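What you see is a predicted model, and the numbers here were worked out from it, not measured in a lab.
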Amino acid sequence: MAEAISPIIRQVTIENKDIGSLSIDYHLEDVEDCLIYDRHGVSFPFKKLYRDRKSVIMFVRNFLCYSCKEYVEDLSKIPKEALEDAAIRLVVIGQAAHHHIEPFCLLTGYPYEIYVDPERIIYQKLGMKREEKCTDSAQPSPHVKSGVFMGQVKSIWRAMTSPAFDFQGDLHQQGGAIIAGPGSQVHFSHSDMNRLDHMPINWLLQLAGVQQTLDFSDKPTIIHV
C-alpha cells in the first residue's frame, strides 16, 4: 500500500515573501490624467480615485467573463464598515462601454465604485497584456465557483441574451489589482497570469489595512452549541 502523503498547507500573510514575486511595478504618473467613465458616461481623471485616500483598485478582464463576475460577486460581500474602519475605497475598473456598468452591478450585487476604461488605455500603460501567460493557475482563485466549461457557456449565453450581441470589450485582456494612495504611491500591484489568477480578496484587504478576515465560501456556517 502506498504511503499516505500529507497535504501541502500554505498560509498567506502580509509578511509572506512570495508577495513580491506576484507584483510588478506600476507607475501611476503615466496614467494619472487618463480618463475613466462612470455609469452615466461622465469622465474624470484616474488620479481622482487615489489622490486623497488609499484605494484598492481591481481591473477586471471583462464584464462577461464568468470568473470576473464571480470575483466581483465576492467583492460585493465586503461589509461597508470594514472599508470605512480602514479608511479605504474599493474600486472596480472594467473595459466595456459605460452603459454596461449598471447591468453588471445588478447581476453581481456590487454596491461600491465601478468605472470603465473603454479604450483600455490605463490597462495598456500599466503593462496589462492581451494574453494569458498560462491556461492553468497554480493557485486558482478561491472566488471562482464555476468550472471552465460551464463558466464559458454562461459567459456566451449572457452575451447572446444581451440587448445587442456584445462581448463587452476584449475577451483576452489581462486584469490585475493595485493598492494605491494617498498621492501616487503604489503599495502593492499584481497582474493576473490568467482568468483564474485573481488575488485573494482577504489578502488584498489585509495589505490595505482591513483587520477582519471574511468568509467567502458557499459552505453553510456550522454553529457549535
Side-chain angles (χ1 to χ4, degrees), residues 12-39 42-63 68 71-72 74-76 78-96 98 101 105 110-129 141 143 169 173-193 197-214:
V12 178
T13 68
I14 57 175
E15 292 81 18
N16 194 307
K17 293 183 180 179
D18 286 347
I19 288 179
S21 67
L22 294 170
S23 301
I24 63 172
D25 292 327
Y26 284 167
H27 301 288
L28 295 184
E29 294 84 358
D30 296 338
V31 296
E32 61 183 14
D33 292 320
C34 294
L35 297 180
I36 55 176
Y37 299 81
D38 67 15
R39 67 190 65 202
V42 177
S43 65
F44 59 88
F46 181 62
K47 63 185 176 185
K48 187 176 179 181
L49 296 180
Y50 54 83
R51 181 174 51 197
D52 300 324
R53 64 192 298 189
K54 185 181 291 185
S55 298
V56 177
I57 305 174
M58 252 72 68
F59 293 87
V60 298
R61 289 165 44 86
N62 189 279
F63 285 164
C68 294
Y71 188 72
V72 174
D74 273 1
L75 288 175
S76 71
I78 300 173
K80 182 179 180 181
E81 295 76 16
L83 301 176
E84 291 177 342
D85 290 346
I88 62 174
R89 68 196 302 178
L90 180 66
V91 182
V92 166
I93 303 289
Q95 46 120 354
H98 72 271
I101 293 178
C105 288
Y110 180 76
Y112 301 113
E113 295 179 73
I114 183 167
Y115 307 100
V116 291
D117 172 24
E119 301 299 324
R120 303 190 302 281
I121 295 173
I122 299 173
Y123 284 78
Q124 293 167 7
K125 287 191 174 185
L126 290 182
M128 285 175 270
K129 309 295 184 182
S141 172
H143 306 287
Q173 174 62 54
Q174 188 181 40
I178 63 174
I179 302 173
S184 58
Q185 182 180 5
V186 177
H187 305 278
F188 179 77
S189 61
H190 167 78
S191 280
D192 300 339
M193 297 292 285
D197 186 37
H198 301 128
M199 288 301 300
I201 294 172
N202 270 320
W203 189 356
L204 277 173
L205 293 179
Q206 183 184 14
L207 288 167
V210 174
Q211 299 299 314
Q212 66 187 93
T213 299
L214 306 176

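Residues Phe46 and Asp117 are not in side-chain contact: their nearest non-hydrogen atoms beyond the backbone lie 4.5 Å or more apart. Put simply, the side chain of Pro182 does not reach to within 4.5 Å of the side chain of Asp52, judged on heavy atoms. The shortest distance between side-chain heavy atoms of Val56 and Tyr112 does not fall below 4.5 Å. When side chains are defined from C-beta on, Gln211 does not count as touching Asp85, because their heavy atoms never get closer than 4.5 Å.
By the 30° and 60° cut-offs, the orientation of the rings of Phe188 relative to His190 is parallel. Aromatic ring orientation, Phe59 versus Tyr123: perpendicular (interplanar angle above 60°, classes split at 30° and 60°).
Between atom CD1 of residue Ile57 and atom CD1 of residue Ile88 there is a gap of 11.0 Å, rounded to the nearest 0.5 Å.
In this structure a side-chain-to-backbone donor-acceptor pair under 3.5 Å is missing from Tyr71 to Val60. Asn202 places no side-chain N or O within donor-acceptor distance of the main-chain N or O of Thr213, the cut-off being under 3.5 Å. Within the 3.5 Å criterion, the main-chain N or O of Arg61 finds a donor-acceptor partner in the side chain of Gln95. For Glu32 (side chain) and Asp30 (main-chain N/O), no donor-acceptor pair under 3.5 Å exists by modelled atom type.
Just one of Val116, Val42, Leu49 meets the side-chain contact (heavy atoms from CB on, under 4.5 Å) condition when paired with Ile36; it is Leu49. Under the salt bridge (Lys or Arg N to Asp or Glu O under 4.0 Å) rule, Glu113 has a single partner from Arg53, Arg39, Lys48, Arg89, which is Arg89.
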Legend entry - Check against side-chain contact (heavy atoms from CB on, under 4.5 Å), Leu204 and Val210: CA-CA 9 Å; Leu204 277 173; Val210 174; over 6 Å; no
Inset, instruction - Start with the C-alpha gap between Ile114 and Val72, add the side-chain angles, then the distance that decides, and say whether side-chain contact (heavy atoms from CB on, under 4.5 Å) holds. - result: CA-CA 11 Å; Ile114 183 167; Val72 174; 5.8 Å; no
Inset, instruction - Check step by step if side-chain contact (heavy atoms from CB on, under 4.5 Å) holds for Leu214 and Ile201. - result: CA-CA 9 Å; Leu214 306 176; Ile201 294 172; 5.6 Å; no
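Ring centers of Phe44 and Tyr115: under 6.0 Å apart, within the cut-off.
Every residue meeting the side chain to side chain contact (heavy atoms under 4.5 Å, CB included) condition with Pro111, not counting sequence neighbours, appears here in chain and number order: Ser76. By the ring pair (Phe, Tyr, Trp, His ring centres under 6.0 Å) test, Tyr37 is found to be paired with no residue, residues two or more places apart in sequence or in another chain being considered.
A 6.0 Å sphere centred on CD of Glu84 holds more than 12 heavy atoms belonging to other residues, nucleotides or ligands.
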